[in-house]
Number of protein chains: 2
Amino acid sequence: MISVKSEQRCFGGLQGFYEHESESCAGPMRFAVYLPPNASADHKVPAVYFLAGLTCTEETFVIKAGAQRVASELGLAIVTCDTSPRSKRYPGDDASWDFGQGAGFYLDATRAPWNESYRMERYVTRELRELVEAHFPLQNERRAIMGHSMGGHGALVLALRHRDLYQSVSALAPIVAPSEVPWGQKAFAGYLGDDRAAWLEHDACALVAKRAIASKILVDVGTADKFLARELQPERFVSACKSAGQSLELTMRDGYDHSYYFVQTFAEAHLRHHASQLAAR
Amino acid sequence: MISVKSEQRCFGGLQGFYEHESESCAGPMRFAVYLPPNASADHKVPAVYFLAGLTCTEETFVIKAGAQRVASELGLAIVTCDTSPRSKRYPGDDASWDFGQGAGFYLDATRAPWNESYRMERYVTRELRELVEAHFPLQNERRAIMGHSMGGHGALVLALRHRDLYQSVSALAPIVAPSEVPWGQKAFAGYLGDDRAAWLEHDACALVAKRAIASKILVDVGTADKFLARELQPERFVSACKSAGQSLELTMRDGYDHSYYFVQTFAEAHLRHHASQLAAR
């Protein structure tokens, strides 16, 4: 059961916001789908999943990135979701902006109480995917995934852990080595506990080092990003990809910061990358 | 004295947010300027002033419309401001979303207490214009003005009242006959009092009927706009332009509503319209 929150025409297609009762997240969850003008029951289109960063929601990318123009032209759907469950509440879940509400890190928590509803990996890769593919004219054989910051972490990790699901992946200013940086360490300790082996299963650098994926990974990071040195450390990903033989195009963008002014500048190139990689499949 | 709130690289140019002490508005006001990559002390660029609608701020168009991409390509600056003064407070100024805070209607109030600081016409056409032309590499001989909803009203009225200042004007879902519709009547009664002759000096239909301007006016309105029949009534403007011999290109956009999904879809065409009209001067 999907309830429609709003649907708006945008670049000839339809930008919709929806809510449904999620089993993975133990309560209602919101998501958004952009359908390009050429999508119809007779013409299913590939979807690009966009995962947002800390404090964001299903609306952030949709309203701030200007991506529908390009998706309309390329015939791509865009699927976005919230950054954490919101309905079950736990002590401390709003004490900080980098843990709990708005900071689900796209993993299934194993520690109580978080493991009751903080199951964003299962949500994105299974529940939401099956839901949108059943209710919207989306292909179920070709998908891309991308994200920003914490969502860049999510995109890289989910693509590396679910190789059959996503044929193209990219990230804007991603957290690539969460086990090694403060944001990731705080989240992993809270959601997964102290077992560092479990952390590495959700760490893009550790995952890619074990085995490369077939498609080229596209990453952009701004040189004026205030989180660059402390949280992002893209050189770790360059190094891990190199050692694994992973094809990677990582560009440092001169003077750009962490904001959606950076995201809106480079979102088009990422969508074109996905269209091109999906077309080759 | 301009204080920098933030500056971010965007599409090769610079998106800045600023604050200054405004004489017209009797207190601090925020505004934003996007400079395209080709703007420099040696190469001044024309500015497009964008006026936002009810409840919006200087940030709304800047973060939601994806306009910097086009402005970057066309070599246009974008200047935005807040939709009302915010620092002087008056009883009832936040009682409703269509009067007072966030609803300045781009006029100089003549009724107390509003006339102390609600002087948005003077602010936009004189104070802000002189400020940004003195501090940024903006041409002082060519300007365009556009807006959305209440800001569409503002753009049309300011272009019609200050014919020497703006060489190109356009509007998205504008209020064109404020004297005849509830939003405008409430605002005009509050800011200007009961004298309907004074209202007509801020009514685009009444102004254009008196005398056409030289440039073609571009207007887009969505057919699914929920304010269409009650507040917008674009047919009044078609009629007024026709009777005055005013060149007008007004298009009803099938299925589009009043939101920024509509604005982001058609902002590009408006910027291209302004670039083309300004280039012809």
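We name chains A, B, ... by the order of the sequence lines, and we start the count at 1 in each one.
Between T265(A) and Q68(B) the shortest side-chain heavy-atom distance does not fall below 4.5 Å. Contact annotation: the side chain of E268(B) approaches that of R69(A) to within less than 4.5 Å [non-hydrogen atoms, C-beta and beyond].
Using a 4.5 Å cut-off between heavy atoms, F262(B) touches chain A through its backbone atoms (N, CA, C, O) alone. In this structure, chain A has a heavy atom under 4.5 Å from the side chain of Q15(B), while its backbone stays farther away. Both the backbone and the side chain of V62(B) come within contact range of chain A, with heavy atoms under 4.5 Å apart.
Summarising the geometry of Q264(B) relative to G66(A), their closest heavy-atom pair is OE1-CA, 4.1 Å, with the distance given to 0.1 Å. Summarising the geometry of Q8(B) relative to D257(A), their closest heavy-atom pair is CG-OD2, 2.9 Å, with the distance given to 0.1 Å.
A donor-acceptor pair is defined here as one N or O able to donate and one able to accept, closer than 3.5 Å; no such pair exists between the side chain of Y261(A) and the backbone of F11(B).
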